Undergrad: 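Have a look at the structure that comes next, please.
Heads up: numbering here begins at 1 and tracks the sequence. Note that this is a predicted model, so its numbers are computed, not measured.
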Amino acid sequence: GIVKALEILTSDEARELFASSIKAGKEVGASDSYDTGRDIAPSLIQIVSANAAAEAPLRAYNALKVQAKAVHSLRLAALAIRVREAKAGHFDKVIAAINDMIKTLKDENLADIAKRDQCKEEYLKIESTSKDLRWKIKNNVAKIDKLTKLIELRTAQKEKTIENIKEVDRQMGELTAARTEENGAFLNAKKEDQDAIDLLMAARDALASYYSNHSVAMGEVQGSVKGVFVQQPEFEVSADQAPDAVFSDKGKRKGEAKGIVSIMTMIIEDLDDEIKNGMKAEEEAQLEYESQMTAAKKLREELVAKKVSLEEAIAKRGEEKEAENEDKTENEAALDDEVKYKASIKDDCDFVIRTFEKRAAARETEMNGLTGAKEYLVGFQPSAGAAFLERPKPFDDGTLAKVRFLGVRQ
C-alpha cells in the first residue's frame, strides 16, 4: 500500500532519476499523437481497493432494500436480491437490469400521466355530452307537451266544427221541411180555390145559359163579393121561419138572377185573386228559402273546409309529435350510453386520479433507490466513507515532508 509506494519513491535510484528527468515548471504543448511507449492511465485495480469493490454490491443492495421496503415494491426487492448475489467486478448485467427498470419507471410515469389526462378528458366529455343531452331531452318533453296541447285544442275545435255542421244540416232539414209543408199547403189551397172557381163558373154558366135560353135579360153584372158574406140577410118575419112559397112567372125574378150571377162572378174573381196572392206569397217564400239555403250551404262548406284544415293540422302535429318522441328516445338512449360508459371507466379512472400522486411518489422513491444502487455499482462512494487507497493504518500527514527528494531537503 502506502509503505510500498514510499519505498519506491525514496530509493536512491529513484531520487537520481527524478533529479535528472523532472524539470521545473509545467510541461506544455504536448501532442497526444505521439506514443511514448508508456500507458500512464491509472488502473481501477490500482485506485480502488479490494474492500471497496466488495462493499459496492452490499451498499447497492441496502439502498434498494430500504426503498423497496418504504414503498412495498416487490420488483425493487427482487432486484436488490439480484444485486446482493452479484460477484464483485461483474456488475454489467445488474446495471443493465437497473437501467431497464429505470426506463420502465419513466415509461410508467408517462403512461400514468397520459391515463390520468385521458380520464379527466373523458369525464369532461361525458359531462358535456350528458349536459347537452339532458337539455335536448328537456326540450323534447316541452315540445311534446306543447304539441299534445295543440292536438287536443285542434281536436276540440274539430269536434265543435262537426257539431256545427250537424246543426247546419239540421237547420237546412227544418227549412226544407217547413218549405215543403208551406208549398204543400199552398198547392192544396190553390187547388181548392181552382176547384171552387170551376164549380162557380159551371153554375154561373148554367144560370147564364138558362136565362139566355129563356130570353131573360139580366143586364150588366156588377158588384163586389166582399160584402156578400159579411152582411147578413134581413128577414121580414124571422130567421127561423120559412118564407111563403109564392111562385111567379119566369120574368118576375130576373133581378134576383142578375144578383146571383154577379155574386158568383165576384166570388170567382176573388178566388182568382186569392190564388194570385197565394202564388206571390209562395214565390216570396221560395226565394227566402233559397236565400237561406244558399247561406246555409255556404256556411256548411266553410265548416267542412275548416274541419278538413283541422284534420290536416292534427295529422301534421301528430307527425311532429311522433318525430319528437323518436328524437327524445334517441337522446335518452345516448344519455344512457354515456352513463354506462362512465360507469365502465369509473373504477379505473377514479383509481388513477385518486392514487396518481401516491404512485408518482412511490415511483420517485423507487427511482432514487435504483439511482443510488447504480452509483454504488459504478464506483460512487459517499464522501464520509470514501477510500480510494487502502489504509491499513492511519495516514501521517507529516510523512511526505520527511521524504527526501533531491534538491528539496538536505
Undergrad: Hey, does the side chain of R154 reach the backbone of S309 with a donor-acceptor pair shorter than 3.5 angstrom?
TA: no
Undergrad: For the atom pair CD1 (I151) and CD1 (I314), what is the distance rounded to the nearest 0.5 Å?
TA: 8.0 Å
Undergrad: So, for C119 and I353, which heavy atoms are closest and what is the spacing to 0.1 Å?
TA: CB-CD1, 4.1 Å
Undergrad: If the threshold is 4.0 Å, N to carboxylate O, is there a salt bridge linking D350 and K346?
TA: yes
Undergrad: I'd like to know if E302 and K306 make a salt bridge, using a cut-off of under 4.0 Å between side-chain N and carboxylate O.
TA: no
Undergrad: May I ask you to test the N139-W135 pair for a side-chain heavy-atom distance under 4.5 Å?
TA: yes
Undergrad: Does K131 come within less than 4.0 Å of E127, counting only side-chain N to carboxylate O?
TA: no
Undergrad: So, are E330 and K136 salt-bridged, with charged N and O less than 4.0 Å apart?
TA: no
Undergrad: Quick test of your reading of the model: are E174 and R170 salt-bridged, counting only N-O distances below 4.0 Å?
TA: yes
Undergrad: Is it true that K276 and D272 make a salt bridge, defined as a side-chain N closer than 4.0 Å to a carboxylate O?
TA: yes
Undergrad: How long is the gap from CD on E283 to CZ on F186, to the nearest 0.5 Å?
TA: 10.0 Å
Undergrad: Between NZ of K307 and CG of N164, what distance do you get to the nearest 0.5 Å?
TA: 13.0 Å
Undergrad: Strictly distance-based, threshold 3.5 Å: is any side-chain N or O of D132 a donor or acceptor partner for the main-chain N or O of S128?
TA: no
Undergrad: With the threshold set at 4.0 Å, does a side-chain nitrogen-carboxylate oxygen contact exist between E319 and K316?
TA: no
Undergrad: How long is the gap from OH on Y289 to CG on N183, to the nearest 0.5 Å?
TA: 10.5 Å
Undergrad: Check this for me: E364, atom CD, are more than 12 non-hydrogen atoms of other residues, nucleotides or ligands nearer than 6.0 Å?
TA: no
Undergrad: Check this for me, if you would: do R363 and D112 make a salt bridge, where the nitrogen-to-carboxylate-oxygen distance has to be below 4.0 angstrom?
TA: yes
Undergrad: Consider only side-chain N and O atoms of Y210 and D205, and report whether a donor and an acceptor are under 3.5 Å apart.
TA: no
Undergrad: Please say which of E282, E290, E288 ends up in a side chain to side chain donor-acceptor pair (under 3.5 Å) with R179.
TA: E282
Undergrad: Do NZ/NE/NH1/NH2 and the carboxylate oxygens of E324 and K328 come within less than 4.0 Å?
TA: no
Undergrad: Please identify which of these residues, D107, D100, N99, meets the side chain to side chain donor-acceptor pair (under 3.5 Å) condition with K103.
TA: D107
Undergrad: Any idea which heavy atoms bring L133 and L335 closest together, and the distance?
TA: CD1-N, 3.4 Å
Undergrad: Can you tell me how far the SG atom of C349 sits from the CD1 atom of I126, to the nearest 0.5 Å?
TA: 8.0 Å
Undergrad: Do any N or O atoms from the side chain of S291 and from the backbone of L287 form a donor-acceptor pair under 3.5 angstrom?
TA: no
Undergrad: Between Q118 and E122, do the side chains contain an N or O donor and an N or O acceptor separated by less than 3.5 Å?
TA: no
Undergrad: Is there a side-chain contact between R359 and F351, using heavy atoms and a 4.5 Å cut-off?
TA: yes
Undergrad: To the nearest 0.5 Å, how far apart are CD1 in I113 and CD in E108?
TA: 12.0 Å
Undergrad: Do the side chain of N325 and the main chain of K321 share a donor and acceptor less than 3.5 angstrom apart?
TA: yes
Undergrad: Is E121 close to D117 at the side-chain level, that is, under 4.5 Å between some pair of heavy atoms?
TA: no
